[in-house]
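Single-structure report; data block below.
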Amino acid sequence: MQFSTWKQTGKYFTYKEKHSIFYQEAGTGEVLILLHGFPTASWDWHKIWQPLSEKYRLIAPDFIGFGYSDKPQKYNYSIHDQADLIEALAAHLELQKVHILAHDYGDTVLQELLARDIDRRKANISTGLQLQSIVLLNGGLFPETHLARPIQKALLSPFGFMLTPFLSKKMLRKTFHQIFGKETPPSEKEMDEFYTLMDFKKGQRIFHKLIHYMTNRIQHRERWVAALQNSPAPIRIIDGAADPISGEHMTKRYTELVENADIVLLKEIGHYPQTEAPERVLVAYLEFRK
């Protein structure tokens, strides 16, 4: 699918009675929800979209504040709210039993969704999302292993709002070339697409608010780590080992904390496996689902 077609063929639902949320949908069968990372959007999945849509019903939203969804300036952005959004979208589409494929920021949203699923099961509540399987790409599952980039730390500071006017395509290119694998850098076309999604509705203006997901990870570490440890659904990690943010060092911590860890390491691949090595991600995902 072409970049322009992604937006043209997308759908929208209304969140909290006033916010327009973009999502893509394709295929039939078991439901697979795809959760994107920071600072990009659902377009991240386009390289594996078609083959996955031949096997599953795919739902890929842009979180509020990202991509083609609304980006309100006066808004309390949080991981819990993004989890609420996913539950609202599922209710809108009348979904209950779902599989999840997530990346980066989306991993953290998944951890909260998983914790809620566990809470409901303990309370014998039959409503709400029931997670059937989980696959996570490079993400900060543990705050102690998340090695944030300097720009992320700067945005998180009290003066982060002062940086947002300077979040240019040049700065994005520099950062992305640092976190992609040395042999799999983003093309100029991909950089144009990434930046277009950021720049839509001037999304850079709220990056200092969105970045507080890193604070959320620290605040809710015990709940979100426990969710991984007690998951009723099988979990696989597919990780770009060369990622300086959440690469192989993160998976080592995962094996220390989670029993029977199922990990597929993609050597020489960086922070965006689904963009850098889509075929390898697809093979690892489909093997897991078998």
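Being a predicted model, the structure only gives us computed values, none of them experimental.
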Quiz item: CD of Gln274 to CG of Asp44: how many Å apart, nearest 0.5 Å?
Solution: 5.5 Å
Quiz item: Hey, are the side chains of Met198 and Lys169 touching, using non-hydrogen atoms and a 4.5 Å cut-off?
Solution: no
Quiz item: Is the Phe207 ring parallel, tilted or perpendicular to the Phe38 ring (thresholds 30°, 60°)?
Solution: tilted
Self-check item: Shortest non-hydrogen contact from Leu131 toward Leu114
Solution: CD1-CA, 3.7 Å
Practice problem: Give me the ring orientation class for Tyr213 and His146: parallel if the planes are under 30° apart, tilted from 30 to 60°, perpendicular past 60°. | Solution: perpendicular
Quiz prompt | Full working for side chain to side chain contact (heavy atoms under 4.5 Å, CB included) between His99 and Val135 | solution = CA-CA 8 Å; His99 301 262; Val135 173; over 6 Å; no
Quiz item: Should the heavy atoms of other residues, nucleotides or ligands under 6.0 Å from CD of Glu144 be counted, would the total exceed 12?
Solution: yes
Quiz item: Just by modelled atom types, is the Leu257 backbone N or O under 3.5 Å from a matching donor or acceptor in the Gln229 side chain?
Solution: yes
Practice problem: Carefully, step by step, assess Asp104 and His271 under the rule side-chain hydrogen bond (donor to acceptor under 3.5 Å, both in side chains). | Solution: CA-CA 8 Å; Asp104 184 64; His271 188 65; 3.0 Å; yes
Exercise. Please name the pair of heavy atoms, one in Tyr105 and one in Leu210, separated by the smallest distance, quoted to 0.1 Å.
Key: CE1-O, 4.3 Å
Quiz item: Can any side-chain N or O of Lys209 pair as donor or acceptor with the backbone N or O of Arg205 at less than 3.5 Å?
Solution: no
Quiz item: Can you find a heavy atom in the side chain of Phe66 that is under 4.5 Å from one in the side chain of Leu197?
Solution: no
Quiz prompt | Point-to-point distance, once rounded to the nearest 0.5 Å, from CD1 of Ile33 to OG of Ser42 | solution = 13.0 Å
Practice problem: Check the pair Asp199 / Gln204 against side-chain hydrogen bond (donor to acceptor under 3.5 Å, both in side chains), numbers first and verdict last. | Solution: CA-CA 6 Å; Asp199 192 49; Gln204 305 97 313; 3.0 Å; yes
Exercise. For the pair Gln96 (side chain) and Ser126 (backbone), establish whether a donor and an acceptor sit closer than 3.5 Å, ignoring hydrogens and angles.
Key: yes
Quiz prompt | Any side-chain heavy-atom pair of Phe200 and Lys7 under 4.5 Å | solution = yes
Exercise. Check for a donor-acceptor pair, side chain of Arg236 on one end and backbone N or O of Ala284 on the other, with a separation under 3.5 Å.
Key: yes
Exercise. Compare every heavy atom of His249 with every heavy atom of Thr145, then report the nearest pair and how far apart it is.
Key: O-NE2, 3.0 Å
Self-check item: Minimal non-hydrogen separation, Met250 against Ile237, with atom names
Solution: CE-CG2, 4.3 Å
Quiz item: Cluster question for you: counting only ILVMFWY and a side-chain heavy-atom cut-off of under 4.5 Å, with indirect links fine, are Trp45 and Leu93 together?
Solution: no
Quiz item: With hydrophobic residues grouped by side-chain heavy-atom distances under 4.5 Å, do Leu282 and Ile269 end up in a single group?
Solution: yes
Exercise. Without swapping roles, check the side chain of His36 against the backbone of Phe63 for a donor-acceptor pair under 3.5 Å.
Key: yes
Quiz prompt | Residue pair Thr14, His92: steps toward the side chain to side chain contact (heavy atoms under 4.5 Å, CB included) verdict | solution = CA-CA 9 Å; Thr14 302; His92 171 73; over 6 Å; no
Exercise. Decide yes or no for Glu276 and Phe180: does some side-chain heavy atom of the first lie under 4.5 Å from some side-chain heavy atom of the second?
Key: yes
Self-check item: Short side-chain to backbone donor-acceptor contact, Gln24 and Trp6, under 3.5 Å
Solution: yes
Self-check item: Nearest-0.5 Å distance, CD1 of residue Ile64 to NE2 of residue His19
Solution: 4.5 Å
Self-check item: Stepwise side-chain hydrogen bond (donor to acceptor under 3.5 Å, both in side chains) test for Asp239 and Tyr254
Solution: CA-CA 11 Å; Asp239 193 80; Tyr254 185 85; over 6 Å; no
Quiz item: Can you check whether Leu228's main-chain N or O pairs, donor with acceptor, with Ser231's side chain at less than 3.5 Å?
Solution: no
Quiz item: Quick one: are Phe176 and Thr40 in side-chain contact, heavy atoms under 4.5 Å?
Solution: yes
Practice problem: Begin from the C-alpha positions of Ile86 and Val109 and carry the test side chain to side chain contact (heavy atoms under 4.5 Å, CB included) through to its verdict. | Solution: CA-CA 9 Å; Ile86 298 304; Val109 178; 4.3 Å; yes
Practice problem: Could you walk me through whether Arg120 and Glu87 pass salt bridge (Lys or Arg N to Asp or Glu O under 4.0 Å), step by step? | Solution: CA-CA 13 Å; Arg120 285 191 294 267; Glu87 290 184 330; 3.4 Å; yes
Quiz item: Which atom pair, heavy atoms only, marks the closest approach of Asp81 to Lys16?
Solution: OD1-NZ, 2.7 Å
Quiz prompt | More than 12 heavy atoms from other groups under 6.0 Å of CD on Gln219 | solution = yes
Practice problem: Apply the test salt bridge (Lys or Arg N to Asp or Glu O under 4.0 Å) to residues Glu256 and Arg253: give CA-CA distance (whole Å), side-chain angles for both, the deciding distance (0.1 Å), then the verdict. | Solution: CA-CA 5 Å; Glu256 293 172 356; Arg253 183 61 170 154; 2.9 Å; yes
Exercise. Would you mind telling me which of Phe3, Tyr68, Tyr23, Phe22 makes a ring pair (Phe, Tyr, Trp, His ring centres under 6.0 Å) with Trp43?
Key: Phe3
Quiz item: Do Pro186 and His177 have side-chain heavy atoms sitting under 4.5 Å apart?
Solution: yes
Exercise. Check for a donor-acceptor pair, side chain of Glu112 on one end and backbone N or O of Ile79 on the other, with a separation under 3.5 Å.
Key: no
Quiz item: Can you tell me if NZ on Lys201 sees more than 12 non-hydrogen neighbours from other groups inside 6.0 Å?
Solution: yes
Practice problem: Would you give the length of the straight line joining atom OG1 of Thr108 to atom CG of Leu35, rounded to the nearest 0.5 angstrom? | Solution: 10.5 Å
Self-check item: Side chain to side chain, Pro273 and Asn138, heavy atoms closer than 4.5 Å
Solution: yes
Quiz item: So, the side chain of Ser69 versus the backbone of Asp62: is there a donor-acceptor pair under 3.5 Å, distance only?
Solution: yes
Self-check item: OG1-CG distance between Thr28 and Leu58, expressed to the nearest 0.5 angstrom
Solution: 9.5 Å
Practice problem: Take Tyr15 and Asp70 through the side chain to side chain contact (heavy atoms under 4.5 Å, CB included) test and state the conclusion after the steps. | Solution: CA-CA 10 Å; Tyr15 179 54; Asp70 279 353; over 6 Å; no
Quiz item: Among Leu32, Leu34, Leu95, which residue meets the side-chain contact (heavy atoms from CB on, under 4.5 Å) test with Ile59?
Solution: Leu95
Quiz item: What pair of heavy atoms forms the shortest contact from Met1 to Trp49, and how long is it?
Solution: CE-NE1, 4.3 Å
Quiz item: Ignoring hydrogens and geometry, is there a side-chain-to-backbone donor-acceptor pair from Arg121 to Gln130 under 3.5 Å?
Solution: no
Quiz item: How far does NE2 of His80 sit from CG of Leu85, to the nearest 0.5 angstrom?
Solution: 14.5 Å
Quiz item: Is it true that Val98 and Ile118 fall in one hydrophobic cluster, defined by side-chain heavy atoms closer than 4.5 Å?
Solution: yes
Self-check item: Co-membership, hydrophobic cluster, residues Trp224 and Ile245, 4.5 Å side-chain
Solution: yes
Quiz item: With hydrophobic residues grouped by side-chain heavy-atom distances under 4.5 Å, do Ile48 and Ile100 end up in a single group?
Solution: no
Quiz prompt | Test of ring centre spacing under 6.0 Å for Tyr272 and His103 | solution = yes
Exercise. Would you check, one step at a time, whether the test side-chain hydrogen bond (donor to acceptor under 3.5 Å, both in side chains) holds for Tyr285 with Arg289?
Key: CA-CA 6 Å; Tyr285 183 79; Arg289 287 298 299 271; 2.8 Å; yes
